[in-house]
Amino acid sequence: MQLLQNGVDRTVIALWLGHKSVESTQMYVHADIQIKEQAMAKTQPVAVSPGRYRPNDELLAFLEEL
């Protein structure tokens with residue numbers, strides 16, 4: 001997690017850990033909300049105030065049915 005937080009590419013992390021596939025390091029990316037929030041902060045349009053995304057009830061209902 002600290003490697004990801006410090007900008008180390010997950011391909012490099014996968015090699016260091018001896019993972020067969022880069023996809024096996026995906027769980028580390030999913031596990032850290034701080035990394036997600038930092039990435040989202042970099043992609044927000046200037047006119048949007050910062051905050052977490054809150055899906056509406058219609059979207060949640062759709063996702064529940066998948």
Q) Looking at side-chain heavy atoms only, is the closest gap between I13 and L17 below 4.5 Å? A) yes
Q.
So V12 and L15, do their side chains get closer than 4.5 Å, heavy atoms only?
A.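 Answer no - side chains too far apart.
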Q.
Would a single hydrophobic cluster contain both L59 and L66, if residues Ile, Leu, Val, Met, Phe, Trp and Tyr are joined by side-chain heavy-atom contacts under 4.5 Å?
A. yes
(Q) Can you tell me how far apart CD (E64) and CG (D57) are? Round to the nearest 0.5 Å. (A)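 Separation between the atoms: 11.0 Å.
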Q) Roughly how far, to the nearest 0.5 Å, is CD of E23 from CZ of R10? A) 5.0 Å
**Q.** Minimum-distance pair of heavy atoms, taken over all atoms of A14 and S21
**A.**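 Minimum heavy-atom contact is CB-O, 4.2 Å.
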